[in-house]
Amino acid sequence: MHESGSASVAGELYDLPLKILRDHLVPAEPPELEIGVIELEDGSAALATVLRDAVLDSALLQSGDIRDISYLGDWREFLQREG
């Protein structure tokens, strides 16, 4: 599983061809993110977009340019609060 730690967050699960992942989704992600393996609530595994481990200790995270919102458990909750 991903090495940066864990937090329970709501997510969306999609079944899509690897070609779409390779050709469209991965190239569109910002450089701070990567594809990693996460554990789902039922114990199964899935690919997910995660923060690169190297970013955890970087000045980018400490500068506030990237915010950890995992304590909210849902990115939609963050959007509602930030409105």
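If you're wondering where the values come from, they're calculated on a predicted model, not measured in any experiment.
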Measuring only between side-chain heavy atoms, which start at C-beta, is I35 closer than 4.5 Å to T49?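 I35 reaches T49 side chain to side chain.
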In this structure, would W75 and V9 fall into the same cluster of hydrophobic residues linked by side-chain contacts under 4.5 Å?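 W75 does not cluster with V9.
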Calculate, to the nearest 0.5 Å, the distance between atoms CD and OH belonging to E77 and Y71 respectively. 9.0 Å
Nearest-0.5 Å distance that lies between atom CG in L51 and atom CD in E34: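 So the CG of L51 and the CD of E34 are separated by 8.0 Å.
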D74: which residues meet the side chain to side chain donor-acceptor pair (under 3.5 Å) condition with it, sequence neighbours left out? none
Step-by-step side-chain contact (heavy atoms from CB on, under 4.5 Å) determination, L40 to L13: CA-CA 10 Å; L40 302 178; L13 194 57; 4.3 Å; yes
Quick one: side-chain contact (heavy atoms from CB on, under 4.5 Å) partners of L16, sequence neighbours excluded? Y14, I20, L21, L25
Does CG in D15 sit with more than 12 non-hydrogen atoms of other residues, nucleotides or ligands closer than 6.0 Å? no
Salt-bridge present (R52, E32; N to O < 4.0 Å): no
Heavy-atom closest contact (R22 atom, V26 atom, distance): O-CB, 4.4 Å
